[in-house]
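Naming: A, B, ... by sequence-line order, numbering from 1 per chain. Worth saying up front: this structure is predicted, and the values here are computed from it rather than measured.
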Amino acid sequence: MIPLAEMLLDWYARHGRHDLPWRQTRDSYRLWLAEIMLQQTQVDSVKPYYGRFLEVLPNWQALAEAPLDQVLALWSGLGYYARARNAQRAAQEVVTRHAGHFPDTLDAAITLPGVGRSTAAAVLASAFGQKHAILDANARRVLIRSHAIDADPRATATQHRLWSLASALTPHDAHSYNQAIQDLGAMICTPRQPRCRACPLAGLCMARAQGRSHDLPVARVKAAKPERCVCFLLARDADGRVLLEKRPETGIWGGLWCLPEAAPGGGEHPVLCPDAAYPLQDTSVLRQSLRAVWARRLALHLELTMLEEEQRHAFTHFQLRFRCVHARVLGGAVADSAVPLRWHDPAEALAQGLPTPMRRILERMVKAADSSRVTRLIPRRRVRVI
DNA sequence: GACTCGTGGAA
DNA sequence: TTTCCAAGAGT
């Protein structure tokens, strides 16, 4: 065995994170689900979602047959929602095309939606004991530092080099090795402030020998984050229900329930609209624009009552600035629309698949309603119409 | 190749 | 406060 692999396996046996939930099983479904949830997502974020998901949908069959809304509700807050949609499609393929068994070759596994080379390799190594190398962010960082690779990690040529390096180093016990290199990347060879003194590879690490541990991998060129501005409608009907719309299946927050949007610049879905930077100051122009957009789309007689303070939500490639606009419904009915619109009781809404900012808004609203119930003895002040 | 796709933690 | 980036894959 190559010394690097031997050192890693020895270190892993003594210091690895053997207690992670997905390391208590060799079941392909559970291993695959963990790999999907862990894509671009840190371990601590995944843990609560993983247990809940498996409790409700414990096998391929259950996931394949579940309503997509239920899958998205279980994913709500975890982000990258295409993973949830692809996961269900993959489960359906496993059931229909593979007789309920995860494919046992790399090429077949990669054809599943949401399963790339690294994910397929991880599942096949752990579920079936096959020898396949992974190349995730942890493994990539460890290889780049140990071999002092100062080329751009995102360049195709570097990717090829890293994959062949990963394959060459991976020993027969790929199951243990894959987890070992991930744990080293997560616990010792961290992105910032690597703990080189505790590293089992310190003796052969070229970056350390060259005093460049902190400088590798080379930083990516940062692109300026554009802003998008939008108002979300918090409309309540006479029963206190709130209006939600189901977003299109593709794009930001695809398939999730969301407060209706509007932007002064118009557009069906401003959140999806690049360069949608509009002023959000509380002006009569803004209020008229919002009323016009929502009147046209929703066919409701709305009375705007309040604009909340501006909030922000950061995405990977842009920053969202938004304000919540409170409104009472005086009349009209939700229009027939290509986009499903539905009135939800607040508690029921929180059980749906919601993006995190929507969940926060609705939770705050429910909390406010609870506290106002306590003080209901005091007559509610008349709401100012704006 | 260059974009697109979420969210939370750490510094 | 802002910045960075994670157990990547799809288009």
Engineer: Inspect the contact between A:E261 and A:R247 and indicate whether a charged nitrogen and a carboxylate oxygen are less than 4.0 angstrom apart.
Structural biologist: yes

Engineer: Applying a 4.0 Å non-hydrogen cut-off, can you work out what A:P357 is touching in the nucleic acid: base, sugar-phosphate, or nothing?
Structural biologist: sugar-phosphate

Engineer: Could you state the NE2-C1' distance from A:H317 to C:dG10, rounded to the nearest angstrom?
Structural biologist: 13 Å

Engineer: Which side-chain hydrogen bond (donor to acceptor under 3.5 Å, both in side chains) pairs, counting each pair once, include a residue from residues 41-59 of chain A, with sequence neighbours left out?
Structural biologist: A:T41-A:R83

Engineer: Which of residues 43-61 of chain A have a heavy atom under 4.0 Å from DNA chain C?
Structural biologist: A:V43

Engineer: By the side-chain hydrogen bond (donor to acceptor under 3.5 Å, both in side chains) test, which pairs, at least two apart or in different chains, include something from residues 194-213 of chain A?
Structural biologist: A:D150-A:R212, A:Q210-A:R212

Engineer: Taking DNA chain B as the partner, which of residues 64-91 of chain A come within under 4.0 angstrom of it by heavy atom?
Structural biologist: A:G77, A:L78, A:G79, A:Y80, A:Y81

Engineer: Give one of base, sugar-phosphate or nothing for A:A139, where a contact means two heavy atoms less than 4.0 Å apart.
Structural biologist: nothing

Engineer: Are any side-chain N or O atoms of A:S164 and backbone N or O atoms of A:R161, one a donor and one an acceptor, separated by less than 3.5 Å?
Structural biologist: yes

Engineer: Output the rounded distance in Å from CD (A:E310) to C1' (C:dT1).
Structural biologist: 15 Å

Engineer: Scan residues 15-25 of chain A against DNA chain C and write down, sorted by residue number, each residue with any heavy atom closer than 4.0 Å; if none is found, say none.
Structural biologist: A:R17, A:L20, A:W22, A:R23

Engineer: Tell me if a side-chain donor or acceptor on A:Q179 pairs with a main-chain N or O of A:H175 at a distance below 3.5 Å.
Structural biologist: yes

Engineer: More 5' along DNA chain C: A:L38 or A:L112, using each one's nearest nucleotide?
Structural biologist: A:L38

Engineer: If the condition is salt bridge (Lys or Arg N to Asp or Glu O under 4.0 Å), which residues does A:R364 pass it with, not counting sequence neighbours?
Structural biologist: A:E308

Engineer: For A:Q70, which residues count as a side-chain hydrogen bond (donor to acceptor under 3.5 Å, both in side chains) partner, sequence neighbours excluded?
Structural biologist: none

Engineer: When you compare C:dA9 with B:dG8, how far apart are their P atoms, in angstrom units rounded to a whole number?
Structural biologist: 23 Å

Engineer: Group every Ile, Leu, Val, Met, Phe, Trp and Tyr by side-chain heavy-atom contacts under 4.5 Å, then state whether A:M187 and A:L4 land in the same group.
Structural biologist: yes

Engineer: Should A:Y12 and A:H18 be marked as a ring pair (Phe, Tyr, Trp, His ring centres under 6.0 Å) after you check the CA-CA gap, both sets of side-chain angles, and the distance that decides it?
Structural biologist: CA-CA 9 Å; A:Y12 176 68; A:H18 303 283; 4.5 Å; yes

Engineer: With a 4.0 Å cutoff (strictly under), does any side-chain N or O of A:T41 reach OP1 or OP2 of C:dA6?
Structural biologist: no

Engineer: Grab the CD-C1' distance between A:E249 and B:dC5 for me, whole Å please.
Structural biologist: 15 Å

Engineer: For the side chain of A:S289 and the backbone of A:V285, is there at least one donor-acceptor N/O pair under 3.5 Å apart?
Structural biologist: no

Engineer: Just how far, in rounded Å, is P of C:dT3 from CZ of A:F318?
Structural biologist: 16 Å

Engineer: Run the salt bridge (Lys or Arg N to Asp or Glu O under 4.0 Å) test against A:R117 and tell me which residues pass, sequence neighbours left out.
Structural biologist: none

Engineer: Please list all pairs passing the side-chain hydrogen bond (donor to acceptor under 3.5 Å, both in side chains) test where one or both residues lie in residues 60-69 of chain A, with sequence neighbours left out.
Structural biologist: A:Q61-A:E65, A:D69-A:K246

Engineer: Let me know the distance between CD of A:Q40 and P of B:dG8, rounded to the nearest Å.
Structural biologist: 16 Å

Engineer: Work out how far the C1' atom of C:dA7 is from that of B:dA11, and round it to whole angstrom.
Structural biologist: 22 Å

Engineer: How far, in whole Å, is B:dG6 from C:dC4 if one measures between their C1' atoms?
Structural biologist: 15 Å

Engineer: If only atom types and distance count, is the side chain of A:S167 paired as donor or acceptor with the main-chain N or O of A:A133 below 3.5 Å?
Structural biologist: no

Engineer: Quick check on contacts: within residues 118-129 of chain A, what sits under 4.0 Å from DNA chain C by heavy-atom distance?
Structural biologist: A:S118, A:T119

Engineer: Separation of A:Q42 atom CD from B:dA10 atom C1', in whole Å?
Structural biologist: 9 Å

Engineer: List in chain and number order the residues that pass salt bridge (Lys or Arg N to Asp or Glu O under 4.0 Å) with A:D104, two or more places apart in sequence or in another chain; answer none if no residue qualifies.
Structural biologist: none

Engineer: With DNA chain B as reference, determine whether A:R360 or A:A157 sits nearer its 5' end, using the nearest nucleotide of each.
Structural biologist: A:A157

Engineer: Report yes or no: does A:R323 contribute a side-chain atom to a donor-acceptor pair with the main-chain N or O of A:L280 at less than 3.5 Å?
Structural biologist: yes

Engineer: Would you say B:dT7 has OP1 or OP2 under 4.0 Å from some side-chain N or O of A:H313?
Structural biologist: yes

Engineer: Look only at the side chain of A:Q159 and the backbone of A:P153, and say whether a donor-acceptor pair between them is shorter than 3.5 Å.
Structural biologist: yes

Engineer: Can you tell me how far P of B:dG6 sits from CD1 of A:I252, to the nearest Å?
Structural biologist: 6 Å

Engineer: Please determine whether the number of non-hydrogen atoms from other residues, nucleotides or ligands lying under 6.0 Å from atom CG of A:D239 exceeds 12.
Structural biologist: yes

Engineer: Counting only heavy atoms and a strict 4.0 angstrom limit, can you tell me which residues of residues 185-201 of chain A come near DNA chain C?
Structural biologist: A:P191, A:R192

Engineer: Would you mind reading off the distance between A:R220 atom CZ and C:dT3 atom C1', rounded to a whole angstrom?
Structural biologist: 12 Å

